[in-house]
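Heads up: the structure comes next, in C-alpha cells.
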Amino acid sequence: MYDVLPYPSAKEPWLTTARWRAIERHFREMVMRAGYREIRTPILEPTELFKRSIGEATDIVSKEMFTFVDRGDRSLTMKPEGTAPAVRACIEHNLFTEHPLLKLYYIGQNFRYERGQKGRYRQHQQLGVEVFGATDAAVDAEVLALAMSFFTSLGVSCRLHINSVGTTDCRTRYREALKAYVEPSLANLSDEGQMRFKVNPLRMLDTKDQRDLAILAGAPALREFLSEESSLHFQQLQDYLTAIAIPFRIDDGLVRGFDYYSGTVFEIKGEGLGAQDALGGGGRYDGLVEECGGAAVAGLGFGIGMERCLLALEALGIAPNQEDEAPVAFIITAGSQQEVKTAAVKLLYSLRTAGIAADMDYQGKNFRRQFKRADDVGTRFYIIIGEDEAAKGTVQLKDRSSGEQREFDAESVAEALRTGRL
RNA sequence: GCGAUUGUAGCUCAGGUGGUUAGAGUGCCAGGUUGUGGCCCUGGAGGUCGUCGGUUCAAGUCCGAUCAGUCGCCCCA
C-alpha cells in the first residue's frame, strides 16, 4: 500500500496526485470520445459474486481476496477486479434491457492479498471499460484499440499479445489433448507444472520454466481446437486490427487467470517495469452475465493498471501533461499596518471571485521572505501592497520572470492578470 | 504462501576490530531594519539508530526474534 502525495517524494516521484489526475483525465477524455459512460460500484460485494464469476479454483479467489464476515453474518469481499461488480450492478438496475448496447468505463480501486513488489500493490487502481451486448469482432477491435492508444498517446511503447481461448467446448477438447500430449513427460515437468497439470492444465502454457517450455514446445495449440465460429471471429479481429494499424502478436501461451474469459483474450506488456510488466489486460466474457444471474448478454472489457502506467512513464522519463497548480498571483504586503493587510485580504478574495488563482502568506513573514514563499509556490505575478498603495487603492503588479513592474488600480488588476500582460 | 536483501534526521547517506553529549550534505525555520524575490552569509530546530530481547563494565556496531520496505517466485494491473 502507498499514499499518493501532493508533492513528489525522493523515493517515489511518480506517486503524486497531479500525475494521477493527469492520467485519469487522459483516460476519461479518450473513452468518452468513444461513447463510454462512467459506472462506480461499491468496494464491498458479496463474496459469492467473485467465487462464481472469477472461479473458485483461480489464484485470486483461492488465496488473494480480502474477505471478512460482517455484523450481519454475511461474507463480504473487497473487490479484486472491476468486471463482476459492474455486471452485478447492470443486472440489478436493468441496464441491459434499457440499453441493449452498453458501453461503460470505470476508475476504481481493487484489492488483492498478495506479497508486495515493484508494480504490485494490495490496493491498486484500474482504469477499465466494459462493452455489453455485442459479439461483433469489430467491438473486440475497438476495445483493444482503446487500450493500446491509451498508452501510445501517452508515449509509452508497449506490445499487444492476443489469443483466443474459444468456447467452453473448445477448451474442454483442448484440455484433453494437451494432457494427453504432456502425460508421457509428466515426470520431467517442474513441480509447478505438475501441479497445474492436475488443477488447471491450460495454465501449464503460461510458464517461464525452461524445461517446461521445452516439453510444451511441440504441444498442440489451443488455436487448432477452436470451433469454426471462434476461429472466424479471431481472424476477423486480426483483420480489423490490421486495418486500423494496431500491431499485435498472437501468443499461444496467453491464458488468463480468470475462469470467465471466452474467445478473445489479450495482455499489454510494457518495458522497464521489472517482473510485473503487464500494463493491462482483458478479454471477452460472453457467459458471465448469465453466470451472474442475468440474461445471455455478451461482454468484453479491459483493465489498465494505474500504478504500472505511472511507473512506465517514470521509467521513460515522460511527465504526463499535468495541470498547473501554481497561483497566477501572489499578494505580498509591506509594512505592518492593519489597513495594508485588510486591503490585501480584500484583493485576494476579489481575485478568486473573478476566477483568478491567487494566494498570499499567512505566516507573518517579512517582506523579503514573502517573495521567497511566492517563488516556492511558483506564482507568475507578484502583487505588492504597501501603505501608499493601500491609501490610494492601488497595487504594484510585478511579472516574476521579467521583473517588470507597474502600478494598477486595485479594481483593474484582475483584468490585467486575465490578459497575462502588464 | 516461498526465497533474497535492506532498515541511522523530512530526504540522500557517513558512522574500521563495541568505548563520552550519533555526524555531513540537502531540505525546513529564523535573522541579515516588513518597499522588492531567485544568490549569498549567520544561527536554529529535528534522531527512543525499525521494534523487542540477549551477550557485555559498555551495543548504532555482536547474537536472536519480530515488524516493515524493496526485489524475485507464484499470479496479475
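Values in this document were obtained by computation on a predicted structure and should not be read as measured data. Here is how names work: the chains are called A, B, and so on, in the same order as the sequence lines, proteins then strands, and each is numbered from 1.
Stem list for RNA chain B (at least 3 consecutive Watson-Crick or G-U pairs, distances under 3.5 Å): B:1-7 with B:67-73, B:10-13 with B:23-26, B:28-32 with B:40-44, B:50-54 with B:62-66.
As rounded to the nearest Å, B/G15 and B/U8 have C1' atoms that lie 9 Å from one another. Only the C1' atoms considered, B/U20 is 49 Å distant from B/G1, to the nearest whole Å. If you take atom C1' in B/G16 and the same atom in B/C28, they sit 34 Å apart, rounded to whole Å. The same atom, C1', is picked in B/U26 and in B/G19; the two are 31 Å apart, to the nearest Å. Across the P atoms, B/A68 and B/G60 are found 24 Å apart, a figure rounded to whole Å.
For a distance-only test at 3.5 Å, the side chain of A/R120 qualifies as a donor-acceptor partner of the base of B/C74. Counting distance only, with no hydrogens placed and no angle test, the side-chain atoms of A/R308 and the base atoms of B/C76 include a donor-acceptor pair under 3.5 Å. Taking 3.5 Å as the limit, the base of B/A77 and the side chain of A/Q123 contain no donor-acceptor pair of atoms between them. Side-chain atoms of A/R112 and base atoms of B/A77 include a donor and an acceptor less than 3.5 Å apart.
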Under 3.5 Å, N/O pairs linking protein and nucleotides 66-70 of chain B:
none

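Nucleic acid contact class of A/Q276 (heavy atoms, under 4.0 Å, all strands): base. Looking at heavy-atom distances under 4.0 Å, A/L279 makes contact with sugar-phosphate atoms alone, never a base. If you check every strand for non-hydrogen atoms under 4.0 Å, A/A374 touches nothing.
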Donor-acceptor list for residues 102-109 of chain A side chains, cut-off 3.5 Å, not counting sequence neighbours:
{"from": "A/K103", "atom 1": "NZ", "to": "A/A34", "atom 2": "O", "distance (Å)": "3.0"}
{"from": "A/K103", "atom 1": "NZ", "to": "A/E142", "atom 2": "OE2", "distance (Å)": "2.9"}
{"from": "A/Y105", "atom 1": "OH", "to": "A/R28", "atom 2": "NE", "distance (Å)": "3.1"}
{"from": "A/Y105", "atom 1": "OH", "to": "A/E38", "atom 2": "OE1", "distance (Å)": "3.4"}
{"from": "A/Q109", "atom 1": "OE1", "to": "A/Q123", "atom 2": "NE2", "distance (Å)": "3.0"}
{"from": "A/Q109", "atom 1": "NE2", "to": "A/Q125", "atom 2": "OE1", "distance (Å)": "2.7"}

N/O donor to acceptor pairs below 3.5 angstrom from side-chain atoms of residues 8-16 of chain A, sequence neighbours left out:
{"from": "A/S9", "atom 1": "OG", "to": "A/E12", "atom 2": "N", "distance (Å)": "3.1"}
{"from": "A/T16", "atom 1": "OG1", "to": "A/R19", "atom 2": "N", "distance (Å)": "3.3"}

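For RNA chain B, the residues of residues 254-261 of chain A within the heavy-atom distance limit of 4.0 Å (strictly under) are A/R256, A/G257, A/F258, sorted by number.
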Nucleotide by nucleotide, nucleotides 33-39 of chain B touches protein heavy atoms under 4.0 Å in the pattern (B base, S sugar-phosphate only, - none) -BBBBS-

